[in-house]
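One structure is given below, encoded as structure tokens.
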Amino acid sequence: MASEWRKLPLSLAELCIDTTLRCGQSFRWRKINNEWHCVLSNRLITLTQSPTHLLYKSTLPAINPPSEESTLPLLQSYFSLIVPLSQLYTQWSTTDPNFARRCPSFTGIRILNQDAWETLISFICSSNNNISRISSMVNNLCLHYGPYITSISGEPFHDFPSPEALSGPEVESHLRSLGFGYRAKYIADTAQIISQQRPKGWLDQIRNPAVPPADNPKFHPGEKATYRKAHEALLELTGVGPKVSDCVCLMGLGWWESVPIDTHVWQIAQRDYNFGGKGKGKTFTKGMYESVGDHFRKIWGEYAGWAQSVLFTANLKSFAEQAKTGKKAKKEEQQENGDVVVETEVVKREVVKVVKNEELTVSRTRKRKAVKEEESQQQDEDVKMEDVMDGLTLSSQLSQVSTTSTTTRRVSKRIKARESQ
DNA sequence: TAGCTGCCTGGTCG
DNA sequence: ACGACCAGGCAGC
């Protein structure tokens, strides 16, 4: 049964849920008729926002319901409302002219204090992937392995599955059939490591002691936990590299100085912060990864990850309109309802497709493998690509280089070699 | 150890 | 229609 709406005074400068819940931090929030829905800590949360208030209500499950009173502290911690966001924007704008230029259209973006385990699995899914597909994969994990909570107009909502629930012997093959690809093994392996080879509560032991889990304010922090140690500890898990590790540190463990460097942030570093004069075009090494992060930490300070997420969002394609000018805000507001409905329906359709077309996708994969084996002379294609690349500007070549296409990498390497002759 | 390559899939673009 | 590339990387050489 749903509770009544409750109000929390909060300005849009302190939190904008329309931006924060869509910018690739959490992949489970769904917007239906101007209301945001997500299961957090064993209850369905529903949110909407006015210029002066955050409105929230909860729907509790029939089995083992949490108390109504626990929802407010849960949300306050989940959104880290203790952190004075507009003050931080002012501070970053003072020390960083680029931030000052980009931030006006992107106020109210907060780092979510998400469950560490969910964050870990979600970002293992994120490699070589896009937001809508990550969302459908995470939704599938919940539908197949997470506990049912409640339904909204026939639509079921499940909580995120536990490590134990994802540790079964059939998990990898099942996830493959659901379209997880090579990430299926990473998820299954990580679930087994966490549930069998780590002490209970291990993820919370490596948290920032100053930032308790949203659903457990009185947790027992680990001794001498540091950001660096947490980062390294996560790297030992399967499917977790430096970028995914930093995402978990920032959004799941309260290490707010963590700055995840993905291909977009690397582009921002080069374009707006004059980074990598010598090493540009080179593959992104671990050393470079650390120095870019350290550079941003020097500029933005102890909340560097928060500042990064503002610039990251401003750089997202799906926010391109918003980036142009803040004056278009009214226009967007009018379009927003329609847009978002379309968006959620796309995700829904994808889920259905994935569930239904298991065999189709498998056969397509096999076909692709077969085709690949036949084309032993990749060289011809490279030469064609080279002609195309010759027509591109240097800057666009550089942005191409930072992508993951092996063909493009090979070609750009060749162009570089030719240039240096 | 730095650099390279393959990887699952779905969407987009020419 | 169709192929190349892209989408918030990572593991294994």
Side-chain angles (χ1 to χ4, degrees), chain A residues 22-27 119 122-137 140 172-173 175-187 189-190 234-248 250-251 259-268 279 281-289 308-309 311-313 315-319 346-347 349-351 353-354 357-358 360-369 371-373 375 378 380-382 384-389 391-392 396 399-413 416:
Chain A
R22 283 192 298 147
C23 69
Q25 292 192 57
S26 170
F27 304 96
T119 311
S122 298
F123 282 94
I124 286 178
C125 291
S126 76
S127 75
N128 267 335
N129 215 339
N130 56 66
I131 291 178
S132 83
R133 188 165 159 237
I134 300 165
S135 301
S136 80
M137 287 162 69
N140 262 331
E172 181 184 343
S173 59
L175 293 183
R176 275 192 182 272
S177 75
L178 288 174
F180 280 67
Y182 60 87
R183 304 165 196 89
K185 181 175 166 52
Y186 297 161
I187 293 167
D189 287 355
T190 297
L234 291 170
L235 288 180
E236 292 176 13
L237 303 168
T238 325
V240 179
K243 190 268 179 180
V244 171
S245 175
D246 272 338
C247 287
V248 179
L250 177 63
M251 304 164 211
V259 182
I261 314 290
D262 58 38
T263 161
H264 287 184
V265 177
W266 173 231
Q267 281 178 38
I268 292 170
K282 265 191 180 177
T283 50
F284 202 57
T285 64
K286 197 163 187 274
M288 296 166 72
Y289 186 97
Q308 175 267 3
S309 82
L311 293 191
F312 173 82
T313 305
N315 209 51
L316 271 178
K317 239 184 219 165
S318 45
F319 287 88
V346 167
V347 174
R349 244 180 288 144
E350 273 184 22
V351 173
K353 243 194 293 183
V354 166
N357 290 359
E358 294 179 9
L360 268 179
T361 53
V362 169
S363 68
R364 184 180 161 187
T365 304
R366 292 210 182 112
K367 196 169 123 197
R368 236 185 245 203
K369 265 184 190 163
V371 169
K372 216 169 200 177
E373 281 163 13
E375 56 175 34
Q378 176 87 33
D380 298 345
E381 280 182 35
D382 284 5
K384 273 187 223 155
M385 271 301 296
E386 200 165 345
D387 293 338
V388 176
M389 294 292 285
L392 298 174
S396 67
S399 74
Q400 299 274 346
V401 166
S402 65
T403 70
T404 58
S405 158
T406 52
T407 306
T408 313
R409 269 200 308 238
R410 268 201 302 278
V411 174
S412 45
K413 196 181 81 178
K416 266 198 333 190

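Below, chain A is the first sequence line, B the second, and so on; all start at residue 1.
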- Item | From A:Leu250 atom CG to A:Gln25 atom CD, the distance as rounded to the nearest 0.5 Å | 7.0 Å
- Confirm from the modelled atom types if A:Lys243 and C:dG8 form a donor-acceptor pair under 3.5 Å, side chain to base only. yes
- Within the distance-only criterion (no hydrogens, no angle test), does the side chain of A:Ser136 pair as donor or acceptor with the backbone N or O of A:Arg133 below 3.5 angstrom? yes
Protein and nucleotides 11-13 of chain C: nitrogen or oxygen contacts under 3.5 angstrom:
{"unit_1": "C:dA11", "atom_1": "OP1", "unit_2": "A:Leu237", "atom_2": "O", "d": "3.4"}
{"unit_1": "C:dA11", "atom_1": "OP1", "unit_2": "A:Gly239", "atom_2": "N", "d": "2.9"}
{"unit_1": "C:dA11", "atom_1": "OP1", "unit_2": "A:Val240", "atom_2": "N", "d": "3.1"}

- Item | A:Gln308 side chain reached by A:Ile261 side chain, heavy atoms, under 4.5 Å | no
- ring-ring contact (aromatic ring centres under 6.0 Å, His included) with A:Phe180: which residues, sequence neighbours excluded? none
Using a 3.5 Å cut-off and no angle test, enumerate the donor-acceptor pairs between side-chain atoms of residues 235-244 of chain A and protein atoms at least two apart in sequence or in another chain.
none

- For A:Ile131, side chain to side chain contact (heavy atoms under 4.5 Å, CB included) partners two or more places apart: A:Phe27, A:Ser135, A:Leu316
- Message: Looking at the base of C:dG8, is there any donor atom on it, or on the side chain of A:Asn129, that sits under 3.5 Å from an acceptor on the other one?
- Response: no
- Per the atom types in the model, does the base of C:dG9 pair as donor or acceptor with the side chain of A:Tyr182 at under 3.5 Å? yes
- Query: Who passes side chain to side chain donor-acceptor pair (under 3.5 Å) against A:Asp262, sequence neighbours left out?
  - Reply: none
- Task: For A:Gln25, report the nucleic acid contact type (base, sugar-phosphate, nothing); a contact means any heavy atom under 4.0 Å.
- Result: base
- Reading DNA chain C 5' to 3', how would its secondary structure be written in dot-bracket notation, given Watson-Crick and G-U pairs with both distances under 3.5 Å, brackets [ ] for crossing pairs and | for partners on other strands? .||||||.|||||
- Query: Once you round it to whole Å, what is the distance between C1' of C:dG9 and CG of A:Asn130?
  - Reply: 14 Å
- Could you tell me whether A:Cys125 contacts a base, only the sugar-phosphate backbone, or nothing, with contacts defined as non-hydrogen atoms closer than 4.0 Å? nothing
- Taking only residues two or more places apart in sequence, or in another chain, which ones meet A:Ser127 in a side chain to side chain donor-acceptor pair (under 3.5 Å)? A:Tyr182
- Message: Could you tell me if the side chain of A:Pro260 sits less than 4.5 Å from the side chain of A:Val265, heavy atoms only?
- Response: no
Review item, nucleotides 12-14 of chain B N/O atoms under 3.5 Å of protein N/O:
none

- Message: Do A:Met137 and A:Leu175 make a side-chain contact, defined as non-hydrogen atoms from C-beta onward lying under 4.5 Å apart?
- Response: no
- note: A:Met137, atom CE; B:dC8, atom C1'; distance rounded to Å ~ 9 Å
- Could you pull out all residues at least two apart from A:Ser309 that satisfy side chain to side chain contact (heavy atoms under 4.5 Å, CB included)? A:Ile109, A:Ile111
- Query: Does A:Arg183 make a side-chain donor-acceptor contact with the base of C:dC10, cut-off 3.5 Å?
  - Reply: no
- Message: With rounding to the closest Å, how many angstrom separate the P atoms on C:dG8 and B:dG3?
- Response: 25 Å
- Message: Output the rounded distance in Å from CD1 (A:Ile134) to C1' (B:dC8).
- Response: 14 Å
- Side-chain contact, heavy-atom cut-off 4.5 Å: A:Phe123 with A:Ile134? no
- Query: Roughly how far apart, to the nearest Å, are C:dC5 and B:dT5 at atom P?
  - Reply: 14 Å
- Item | Atom-to-atom span, CG of A:Asn315 to P of C:dA7 - whole angstrom | 11 Å
- Message: Using OP1 and OP2 only, check whether a side-chain N or O of A:Arg176 sits under 4.0 Å from B:dC8.
- Response: yes
